[in-house]
Chemist: 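One structure, pasted below without further comment.
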Amino acid sequence: MSVLAAISVLALLIVVHELGHFMAARLQGIHVNRFSVGFGPILWKYQGPQTEYALRAFPLGGFVGFPDDDPDSNFDKNDPNLMKNRPVLDRAIVISAGVIANLIFAYLVFVVEFAGLGIPEPDIQPGVMVAEVMAVDSPAAQAGLENNDVVIAVEGKFLPSGDEAMKSLQSAIKSSPNQPVGLTVQRGEQQIDLEVTPIPRGAEELPLIGVKLQRNEIVIRERANSLGQILGLASTRFQALVGATIGGFISLATNFSEMSAQVAGPVRIVEQGAQFAKDDLAFLFPFTAIISINLAVINILPLPALDGGQLTFLILEALRGKPLPMRFQESVMQTGLFLLLGLGVFLIVRDTTQLEVVQNLFQ
């Protein structure tokens, strides 16, 4: 059920993105002949008065098709309502509408969450949460640490709460290269004593155990006092998340050595979403908002085959007073699509082989 919930979130966000393009075109009277969710063979379709709606086999994206690109179109090539015959501004609105739809949807997700479930307030508990054990061959995994374990003591000394607890645990790990560190872990109703040996890794040879840590906290939800409080807090969370997402992409762009490890494909996204849903379905709200904002930021990048690449062509057309040669545009877009699909296949293969259930098959 949790995996299905995560896949449903991805499918919903694809529909939202493509619906943004579709509505922006239709509201301006621009002809649209196809609306598809997914790529590849058609599983289901419905032919409306103007548009064919389709669900395809591979739900890794979608597209809105225009008769401009259809050799079998019955529209006259000079029809003013063809996409290619519209002014640059009209086309820019259509192309950017998917990104705008994802951003608006992310904000509305927060509004619905706070209105329906209440405003989350963290209650910070003693200890440090093991958010994720990174690999089955990591020191943490070999020591027996598991996701969602709470480290409550180091070498018999109980940890405080919050950032102070995080610093204490990290300090103990960094100061003990190749030496066992005794940990007391709370796992459900059990307390377990473990020994983990940090291994120096990375360019700076820092002792690591291969986990992601976070503050040990539970979320308490309180009913909002007013609609204004809901809208204001949703705006604050939305702006913070957009800023963090953009900052993350800038960090990736300036640190190529970390890019391959940090970029996640659809398999990894579904795995993370399934984990959120397994812990608490309420976590699907911030997960949905995060993925929606990431889709918006990725699509606005000035790269071929993305919305940002098409907007770049429109900006150049506005500056030149005429479009770039169609053969050049098609060549760039085809190259970009090829690279994008190649990256997608690479991420799917990489993330699939890193799934715990797959790794266990080879042990």
Side-chain angles (χ1 to χ4, degrees), residues 9-22 24-25 37-39 58-64 66 83 88-89 91-107 109 238-269 272 287-320 323-324 328-348 350-351:
V9 167
L10 281 180
L12 175 61
L13 294 178
I14 291 168
V15 171
V16 167
H17 184 88
E18 299 305 329
L19 195 60
H21 293 307
F22 178 77
V37 176
F39 296 104
F58 306 110
L60 302 179
F63 65 90
V64 173
F66 299 95
M83 179 75 160
V88 169
L89 180 59
R91 284 178 281 156
I93 291 173
V94 173
I95 292 170
S96 60
V99 169
I100 295 171
N102 278 129
L103 293 175
I104 293 175
F105 186 77
Y107 173 73
V109 165
F238 171 77
Q239 292 177 44
L241 196 51
V242 170
T245 302
I246 293 174
F249 275 95
I250 292 174
S251 177
L252 285 178
T254 56
N255 190 352
F256 292 101
S257 63
E258 296 293 329
M259 183 174 293
S260 176
Q262 294 296 326
V263 175
V267 172
R268 181 66 170 160
I269 292 171
Q272 292 175 337
F287 171 76
T288 301
I290 290 169
I291 301 303
S292 191
I293 290 172
N294 272 268
L295 283 175
V297 174
I298 288 172
N299 270 282
I300 204 62
L301 296 176
L303 300 176
L306 297 178
D307 296 340
Q310 297 183 58
L311 285 173
T312 300
F313 283 147
L314 287 182
I315 292 172
L316 293 175
E317 178 181 338
L319 294 175
R320 296 175 76 240
L324 292 170
F328 173 77
Q329 292 191 46
E330 291 176 350
S331 176
V332 172
M333 285 296 179
Q334 289 173 0
T335 302
L337 182 59
F338 176 79
L339 294 174
L340 194 62
L341 290 175
L343 176 62
V345 171
F346 165 75
L347 292 174
I348 289 172
R350 186 202 66 180
D351 294 342

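Just so it is clear, the structure is predicted and the values come from calculations on it, not from any experiment.
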Chemist: If we check side chain to side chain contact (heavy atoms under 4.5 Å, CB included) with Val109, which of these qualifies: Ile104, Leu13, Thr288?
Modeler: Thr288
Chemist: With Leu311, which residues qualify under side-chain contact (heavy atoms from CB on, under 4.5 Å), at least two apart?
Modeler: Ala92, Ile95, Ser96, Ile300, Leu314
Chemist: Looking only at heavy atoms, which two atoms of Ser292 and Phe105 are closest? And how far apart?
Modeler: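 Looking at all heavy atoms of both residues, the closest pair is OG-CD2, 4.1 Å.
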Chemist: Nearest 0.5 Å please: distance from the CG atom of Leu306 over to the OG1 atom of Thr312.
Modeler: 10.0 Å
Chemist: Nearest 0.5 Å, please: how far is CG in Leu241 from CG in Asn294?
Modeler: 7.5 Å
Chemist: Closest approach of Met83 and Arg91, non-hydrogen atoms and distance?
Modeler: O-CD, 3.2 Å
Chemist: Under the side-chain contact (heavy atoms from CB on, under 4.5 Å) rule, collect the residues that match up with Val15, sequence neighbours excluded.
Modeler: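 Expected list: Val37.
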Chemist: Looking at every heavy atom in both His21 and Ala97, which two are closest together, and how far apart are they?
Modeler: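 Result for this residue pair: N-CB, 4.0 Å.
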Chemist: Please list all pairs meeting salt bridge (Lys or Arg N to Asp or Glu O under 4.0 Å) that have one or both residues in residues 291-304, counting only residues at least two apart or in different chains.
Modeler: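 Applying salt bridge (Lys or Arg N to Asp or Glu O under 4.0 Å) to every pair that reaches into residues 291-304, excluding sequence neighbours, yields nothing.
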Chemist: Just jot down the side-chain contact (heavy atoms from CB on, under 4.5 Å) partners of Ala296, sequence neighbours excluded, or say none.
Modeler: Val99, Asn102, Leu103
Chemist: Once side-chain contact (heavy atoms from CB on, under 4.5 Å) is applied, do any residues pair with Ala25, and if so which ones, sequence neighbours excluded?
Modeler: Ile30, Val32, Phe66, Val94
Chemist: In Å and rounded to the nearest 0.5 Å, what is the NE2 to CD1 distance from His17 to Ile100?
Modeler: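 Result: 10.5 Å between the selected atoms.
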Chemist: Over all heavy atoms of both residues, which pair between Ala101 and Gly20 is shortest? Give the atoms and the distance, please.
Modeler: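 Looks like CB-CA, 3.9 Å.
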